[in-house]
Amino acid sequence: MRKMIVLAGSTSLAAVLIAAGCASFPDEATTRQIAEKMMHDGFPGVPPAFAKRVAQDRSQQICSKTGNAKLTQQESADVVKLARASIRYPASGKLIGDWKVGAKLAYNGSGSRIRGGKLEKAKAGNGALCSNCHVLNPKEFNVGNLGPSLAGYGAQRGQSEAVARVTYERIYNTWAYVPCANMPRLGSSGHLAPEQIAHVVAYLLDPQSPVNKR
Ligand code: HEC
């Protein structure tokens, strides 16, 4: 009975909100401003470099604007171009690092968190947390599935320079390949350093890595 009252109450509230909304809903630019101000005010006291991230960059604006609608060819091309321009490589030029370091990064979710209004510092550097969205080691099952399984990644593709480059770039900023994909732009956002990404590349490619064992 109680549930029904709550339900009836919320239905009529929704009706009022809809009626009010139709009369006075602000235009797209104003809505964006209000949303960005809410985001900004929601994270007081964070360093300016991080505060900048609560405002959408150009590619995020393109990706949000279209929502579930298809991107136009021009929009896709713009997102790819911006992503490409953002990619940096390790100073050493080596795109394949140490797979054992990469293995730790792939399961480590620390860094880039706001706690108590402050940006939390990850003592040992930020983690990559690939396992939140991908199967990596085929023996594990308690991992996320938002992204495709990466089990056997190197065994299937080999370790050529071209494979290493594509893999590196997709981790750095996958929007250079799949505009607006649901994978975070881990390098472009500053979350992972180029050398860290090279270690993760090694974890995906090295024949000794658990990713490539059965
Ligand atoms: C929030 C979820 C999420 C996280 C975290 C994430 N990914 Fe992804 N990943 C995706 C999604 C979704 C796709 C599919 C879209 C695309 O191809 O970009 C993808 C695609 C990929 C691809 C291309 C796969 C193929 O078959 O070509 C690679 C490689 C990849 N991710 C590696 C990684 C690595 C390595 C990490 C950790 C450093 C990582 N991802 C973190 C969601 C994620």
Side-chain angles (χ1 to χ4, degrees), residues 53 56-57 59-60 62-64 66-68 70-71 75-84 86-90 94-114 122 124-213:
R53 284 184 53 198
Q56 290 193 315
D57 63 28
S59 1
Q60 286 171 321
I62 295 173
C63 298
S64 315
T66 49
N68 289 330
K70 269 197 149 183
L71 295 175
E75 285 167 337
S76 291
D78 286 350
V79 173
V80 168
K81 202 169 141 201
L82 285 163
R84 249 230 156 270
S86 77
I87 299 178
R88 301 286 174 275
Y89 300 90
K94 273 186 65 186
L95 300 183
I96 307 183
D98 178 341
W99 73 260
K100 288 184 180 154
V101 180
K104 291 205 180 103
L105 284 167
Y107 295 87
N108 174 349
S110 52
S112 299
R113 289 188 192 172
I114 310 246
N126 292 344
L129 205 59
C130 318
S131 60
N132 236 16
C133 299
H134 293 285
V135 172
L136 299 154
N137 176 341
K139 298 211 170 80
E140 286 162 343
F141 51 87
N142 193 13
V143 288
N145 62 0
L146 187 65
S149 168
L150 302 176
Y153 187 93
Q156 286 155 14
R157 293 171 172 79
Q159 290 83 34
S160 68
E161 170 69 24
V163 167
R165 181 164 291 269
V166 171
T167 308
Y168 178 93
E169 291 175 347
R170 293 196 75 159
I171 301 171
Y172 200 100
N173 188 338
T174 200
W175 290 6
Y177 292 89
V178 186
C180 307
N182 277 334
M183 173 161 157
R185 300 169 296 168
L186 292 157
S188 305
S189 66
H191 181 74
L192 292 180
E195 293 71 20
Q196 288 182 300
I197 295 180
H199 293 318
V200 178
V201 170
Y203 179 58
L204 292 185
L205 297 188
D206 198 295
Q208 295 309 314
S209 159
V211 169
N212 298 314
K213 301 268 186 202

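Any value given below was found using the heavy atoms of this structure, including those in side chains, with hydrogens, waters and symmetry copies removed. Computed from a predicted structure; not experimentally measured. Read the numbers this way: they start at 1 and go in the same order the structure lists the ligands and their atoms.
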Heavy-atom contacts with [X] under 4.0 Å: which atoms of ligand 1 show up? List them by number with element.
| X | value |
| --- | --- |
| N182 | 1 (C), 2 (C), 12 (C), 42 (C) |
| V200 | 35 (C) |
| A128 | 37 (C), 38 (C) |
| V178 | 16 (C), 17 (O), 18 (O) |
| L129 | 5 (C) |

Are side-chain heavy atoms of [X] and [Y] found at a separation under 4.5 Å?
| X | Y | value |
| --- | --- | --- |
| W99 | P207 | no |
| E75 | P179 | no |
| E140 | Y107 | yes |
| C130 | L150 | no |
| V166 | Y177 | yes |
| K213 | N137 | no |
| D57 | R185 | yes |

Report the part of [X] (side chain from C-beta onward, or backbone N, CA, C, O) that has a heavy atom under 4.0 Å from ligand 1; answer both or neither where that applies.
| X | result |
| --- | --- |
| Y153 | side chain |
| I197 | neither |
| P184 | side chain |

Strictly distance-based, threshold 3.5 Å: is any side-chain N or O of [X] a donor or acceptor partner for the main-chain N or O of [Y]?
| X | Y | answer |
| --- | --- | --- |
| E195 | P90 | no |
| N212 | A155 | yes |
| N173 | L186 | no |
| H134 | P148 | yes |

What protein N, O or S atoms come within a distance below 2.8 Å of atom 8 (Fe) of ligand 1, ordered by chain and number?
-> H134 NE2, M183 SD
Which is closest to atom 26 (O) of ligand 1 in terms of heavy atoms, R157, Q196, Q156?
-> R157
Protein heavy-atom partner closest to atom 12 (C) of ligand 1 - residue, atom, separation in Å | L146 O, 3.6 Å
Starting from atom 15 (C) of ligand 1, find the nearest protein heavy-atom neighbour and note its residue, name and distance.
-> A181 CB, 3.8 Å
